[in-house]
Amino acid sequence: MTPPLLVQALQHQPISRPPVWLMRQAGRYLPEYRAIRANFKDFIAFCLTPDAATEVTLQPVNRFGLDAAIIFADILTIPSALGHKVTFSEGHGPSVEPFTSKYQLKDMQARMSEVSGHLANVSRTVSNTRQALSAEKAVIGFSGGPFTLACYMMDNKPSTGIPNTLALAHNEPATFEQLLATLTEACAIYLSDQINAGADAVQIFESWALAAPAELWQTAVEKPLLNLSRMVKTRHPGTPIILFPRGATPSQLEALSSQHTGVFNGLSLSTEHNLAWAHQTLQPHVTIQGNLDPELTTG
């Protein structure tokens, strides 16, 4: 059977045209999404309801004929599975029970065996979506990246700054690295479960990579991303992995792409990167995805 076009592209095979899909495909811009969202006060409960999550995952594919469906979930499902309560409020967004002490790591590790069970409904959404789509359409599973999850767990709203995350990294580097390692392990379980359920590829959203200072980049972003990718590749060597370190500099992207062999297949680019540069510098090594500006509109 011929793999979906997206998978062919991620495997660096010749393709008839670039596959088209959008990150954050489902959402408020769709009236059919808003109609279903209105039935749920708790956003995490919405994400963990397979019938509803499957329906909104499929909505943009059905409406626009896209080449892939990316599973509707939230990156904060991992902290939730590890015992940190996640709540959503109108006008504020997510709020995570904070990580404040190294002593919390023991409880998080004790919950590792429960991650698959806690997030089993996401796997059911993957399975349902795979069954609902034709074979030429790809299903993309995803997870938040370890550093991004750590930022939400310590600073709640990274868009306003991450002073607590940076303080831990500088003052208690061993605890910081243990937290990242714990989150990496949980993410690997989560992504592996999605692949077992039928995901054709997975993407790791390191959405707050841009907040990591240059001196912390390797420890906070690069090392955990590569470790997570290796864990998933070891279990699923044939499944493509896409990394999205949002805001990474050209030199950071080059350093990542040079380590792709047997580790990951694609890099998603932020809007600031020049595609001609990416084609010349990155494309020989990895598949590049992006980078349409969401602010652009058609008249």
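Count residues from 1 along the sequence.
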Asks: Aromatic ring centroids of Phe244 and Phe142 under 6.0 Å?
Replies: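 Judged by ring-centre distance (under 6.0 Å), Phe244 and Phe142 do not meet the cut-off.
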Asks: Hydrophobic clustering (ILVMFWY, side-chain heavy atoms < 4.5 Å, transitive) - are Leu6 and Phe64 grouped together?
Replies: yes
Asks: Is a donor on one side and an acceptor on the other found under 3.5 Å between the side chain of Asp42 and the backbone of Thr87?
Replies: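 Looks like no, no N/O pair under 3.5 Å.
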Asks: Angle between ring planes, His84 versus Phe99, binned at 30° and 60°: parallel, tilted or perpendicular?
Replies: tilted
Asks: Would you name the heavy atoms of Gly145 and Ile204 that are closest together and state the gap between them?
Replies: CA-CG2, 3.8 Å
Asks: Would a distance-only check, ignoring hydrogens and angles, find a side-chain to backbone donor-acceptor pair under 3.5 Å from Arg124 to Ser127?
Replies: no
Asks: Quick check: does any side chain N or O of Thr77 sit under 3.5 Å from a backbone N or O of Asp74, one acting as donor and the other as acceptor?
Replies: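 Flag set: sc Thr77 to bb Asp74 pair under 3.5 Å.
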Asks: Membership question, hydrophobic clusters at under 4.5 Å side-chain separation (ILVMFWY): are Phe88 and Val96 in the same one?
Replies: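 In one cluster with Val96: Phe88, yes.
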Asks: Are Glu254 and Ser258 linked by a side-chain donor-acceptor pair shorter than 3.5 Å?
Replies: no
Asks: Would you call the rings of Phe46 and Tyr33 parallel, tilted or perpendicular, where under 30° means parallel and over 60° means perpendicular?
Replies: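 Phe46 and Tyr33: tilted rings.
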Asks: Is the backbone N or O of Ala209 less than 3.5 Å from a side-chain atom of Arg246, with the two atoms forming a donor-acceptor pair by type?
Replies: no
Asks: Report yes or no: does Gln218 contribute a side-chain atom to a donor-acceptor pair with the main-chain N or O of Lys223 at less than 3.5 Å?
Replies: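 Checked: no pair found.
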Asks: Establish whether Tyr103 and Met112 are linked, either directly or via other cluster members, by ILVMFWY side-chain heavy-atom contacts under 4.5 Å.
Replies: no
Asks: Decide yes or no on side chain to side chain donor-acceptor pair (under 3.5 Å) for Ser116 and Asp193, but give the supporting numbers first.
Replies: CA-CA 7 Å; Ser116 290; Asp193 287 346; 2.5 Å; yes
Asks: Do His260 side-chain atoms and Ser257 backbone N/O form a donor-acceptor pair below 3.5 Å?
Replies: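 A pair under 3.5 Å: yes.
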Asks: Same cluster or not: are Leu133 and Val126 linked, directly or through other Ile, Leu, Val, Met, Phe, Trp or Tyr residues, by side-chain heavy atoms under 4.5 angstrom apart?
Replies: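 Both belong to a single hydrophobic cluster.
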Asks: Could you measure the distance from the CE atom of Met154 to the CG atom of Asn156? Nearest 0.5 Å is fine.
Replies: 11.5 Å
Asks: To the nearest 0.5 Å, how far apart are CH2 in Trp21 and CG in Leu66?
Replies: 10.5 Å
Asks: Between Gln289 and Leu10 (side chain of the first, backbone of the second, donor and acceptor by atom type, cut-off under 3.5 Å), is there such a pair?
Replies: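 Judged by distance alone, no pair lies under 3.5 Å.
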Asks: Do the side chain of Gln109 and the main chain of Thr182 share a donor and acceptor less than 3.5 angstrom apart?
Replies: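 No.
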Asks: How are the rings of Trp208 and Tyr152 set to each other: parallel, tilted or perpendicular (split at 30° and 60°)?
Replies: perpendicular
Asks: Distance from Phe72 atom CZ to Gln25 atom CD, nearest 0.5 Å?
Replies: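 One finds 12.5 Å between CZ of Phe72 and CD of Gln25.
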Asks: Apply side-chain contact (heavy atoms from CB on, under 4.5 Å) to Leu149 and Leu76, showing your working.
Replies: CA-CA 7 Å; Leu149 298 177; Leu76 298 179; 4.2 Å; yes
Asks: Decide yes or no on side-chain contact (heavy atoms from CB on, under 4.5 Å) for Leu282 and Leu269, but give the supporting numbers first.
Replies: CA-CA 11 Å; Leu282 304 177; Leu269 305 183; 3.9 Å; yes
Asks: Is the closest side-chain heavy-atom distance between Asn196 and Ser123 below 4.5 Å?
Replies: no
Asks: Checking Glu185 side chain against Ala181 main chain: does a donor-acceptor pair fall under 3.5 Å?
Replies: no
Asks: State plainly whether the residues Lys137 and Asp200 are in salt-bridge range, i.e. N to O under 4.0 Å.
Replies: no
